[in-house]
Protein chains: 2
Amino acid sequence: MSYKDKKVISIGAVSELTGLSVRKIRYYEERKLVFPERTDGGTRKYSFNDVERLMEIANKIEDGMQTFEIKEAERKALKKEKVRNQMLRGQLNAAFRMRK
Amino acid sequence: MSYKDKKVISIGAVSELTGLSVRKIRYYEERKLVFPERTDGGTRKYSFNDVERLMEIANKIEDGMQTFEIKEAERKALKKEKVRNQMLRGQLNAAFRMRK
DNA sequence: CGTGTAAGGAATTCTGACACG
DNA sequence: CGTGTAAGGAATTCTGACACG
């Protein structure tokens, strides 16, 4: 796991990095778009990946997309990727069998 | 500037990452071995580079080195590097003049 | 729906000092 | 010298709610 995945950034720093209000950042979590970790005391900790993600989300929101649409678009993108991977694997297996 | 240089990690998170007590971390700053930034409110913010640096410092301390020795060793290493660069530049210049 | 804000409380961090060795 | 700790205070963050639209 790289530095980009370490959950170590407090919400205040995330707000500085992204330019988003802490209210927005917490709201996007409520809508299941980001998943910070928590300290024992309950304060949120984000990774640089989360920061990048939040900036993408902010862009989409600005474009008028709603939070549930963002989630849905991701779901579909994921599904598409899975299908693609399945196909690739199928092709590879077929090619491999041909060689025997 | 990469993620490793962004000063975004609070002292508590640094303590978790390094295993050092916050007392130690603050002390190494007092001895001019690390240089966190501060928020407007005065809370320290470290980078991943600072975290790596602190772990190296901790190793040297464990080996019995004192803080001022660590600083001195660094000063010397820096100087040595400068001299080396000077020499390299000199060689390159000489070689370049030969070609004319 | 997305976001601001005031409210009250809890977690986090800060500094300067004393202690020990 | 390097580090722990108790002390008092300030900065940061948390949640749930009301507001507006």
Side-chain angles (χ1 to χ4, degrees), chain A residues 6-48 50-76, chain B residues 6-48 50-76:
Chain A
K6 288 267 186 192
K7 306 269 192 177
V8 293
I9 315 177
S10 66
I11 198 166
V14 172
S15 176
E16 291 235 330
L17 289 170
T18 61
L20 301 173
S21 68
V22 299
R23 178 65 166 96
K24 287 182 182 179
I25 298 168
R26 292 200 194 105
Y27 180 67
Y28 300 151
E29 176 183 3
E30 190 183 322
R31 301 314 307 271
K32 310 285 184 195
L33 289 172
V34 269
F35 307 92
E37 286 180 359
R38 300 280 185 138
T39 65
D40 297 333
T43 75
R44 277 167 263 248
K45 291 296 173 186
Y46 299 82
S47 68
F48 279 113
D50 291 331
V51 169
E52 290 189 359
R53 204 166 153 50
L54 281 165
M55 296 180 80
E56 287 173 25
I57 292 167
N59 277 332
K60 292 175 184 169
I61 296 273
E62 277 182 51
D63 293 350
M65 215 181 297
Q66 285 181 278
T67 55
F68 83 92
E69 294 175 305
I70 298 177
K71 268 205 83 63
E72 193 171 19
E74 270 167 23
R75 225 198 56 234
K76 287 189 182 173
Chain B
K6 289 267 184 191
K7 305 270 191 176
V8 294
I9 315 177
S10 66
I11 198 166
V14 171
S15 176
E16 290 234 330
L17 290 170
T18 61
L20 300 173
S21 68
V22 298
R23 179 64 168 99
K24 288 183 181 178
I25 298 169
R26 292 200 194 105
Y27 180 67
Y28 300 151
E29 176 182 3
E30 189 183 322
R31 302 314 308 272
K32 310 285 183 195
L33 289 172
V34 269
F35 306 93
E37 286 181 0
R38 300 281 186 137
T39 65
D40 298 332
T43 75
R44 278 167 264 248
K45 290 297 173 185
Y46 299 82
S47 68
F48 279 113
D50 292 331
V51 169
E52 288 188 359
R53 203 167 153 51
L54 282 165
M55 296 181 81
E56 287 173 25
I57 292 168
N59 277 333
K60 292 175 183 166
I61 296 273
E62 275 182 51
D63 292 349
M65 214 181 299
Q66 285 180 278
T67 55
F68 84 91
E69 295 176 304
I70 297 176
K71 266 204 85 60
E72 194 170 17
E74 269 167 25
R75 226 199 55 234
K76 287 189 181 174

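Just so we're on the same page: letters track the sequence lines, and every chain starts at 1. Note that the structure is a prediction, hence the values are computed from the model and not measured.
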query: Which residue, B:Glu72, B:Arg31, B:Glu30, forms the side chain to side chain donor-acceptor pair (under 3.5 Å) with B:Thr67?
result: B:Arg31

statement: Taken to the nearest whole Å, CD1/B:Ile11 to C1'/D:dT3 is 14 Å

Interatomic distance where OH belongs to B:Tyr46 and P belongs to C:dT13 [whole Å]: 10 Å

A:Glu30 CD - D:dA17 P separation (whole Å): 12 Å

- prompt: At their closest point, which heavy atom of B:Glu69 faces which heavy atom of B:Gly64, and how far apart are they?
  reply: OE1-O, 4.1 Å

message: Between B:Lys7 and B:Phe35 (side chain of the first, backbone of the second, donor and acceptor by atom type, cut-off under 3.5 Å), is there such a pair?
response: yes

- prompt: Within the structure, does a side-chain N or O atom of B:Arg44 lie under 4.0 Å from either OP1 or OP2 of C:dT13?
  reply: no

- prompt: Using a heavy-atom distance cut-off of less than 4.0 Å, which residues of residues 56-69 of chain A contact DNA chain D?
  reply: none

- prompt: Across all strands shown, which nucleotide pairs with C:dG16 by Watson-Crick or G-U wobble geometry, both distances under 3.5 Å?
  reply: none

task: Tell me which residues in residues 17-28 of chain B put a heavy atom below 4.0 Å from DNA chain D, sorted by number, or none.
output: B:Ser21, B:Arg23, B:Lys24, B:Tyr27, B:Tyr28

task: Answer yes or no: does a side-chain N or O of A:Arg38 lie under 4.0 Å from OP1 or OP2 of C:dT12?
output: no

- prompt: Does B:Ser10 place a side-chain N or O at less than 4.0 Å from the phosphate oxygens OP1/OP2 of C:dT13?
  reply: yes

message: Has B:Asp50 got a side-chain atom pairing as donor or acceptor with B:Ser47's backbone, closer than 3.5 angstrom?
response: yes

statement: Ranking B:Arg31 and B:Thr39 by the position along DNA chain D of their nearest nucleotide, the one closer to 5' is B:Arg31

statement: For B:Lys32 and B:Lys71, the nearest pair of non-hydrogen atoms, with its separation, is O-NZ, 3.1 Å

query: Which atoms form the tightest heavy-atom contact between B:Ala58 and B:Leu20, and what is the distance?
result: CB-CD2, 3.7 Å

- line: For B:Val8 and A:Ala13 the tightest heavy-atom approach is O-CB, 4.0 Å

message: If we ignore hydrogens and angles and just use 3.5 Å, is the side chain of A:Lys60 paired with the main-chain N or O of A:Ile70 as donor and acceptor?
response: no

task: Specify the separation, in whole Å, of atom NZ of B:Lys45 and atom C1' of C:dC14.
output: 13 Å

query: For the residue pair A:Thr18 and A:Leu54, what are the closest heavy atoms and their distance?
result: CG2-CB, 4.3 Å

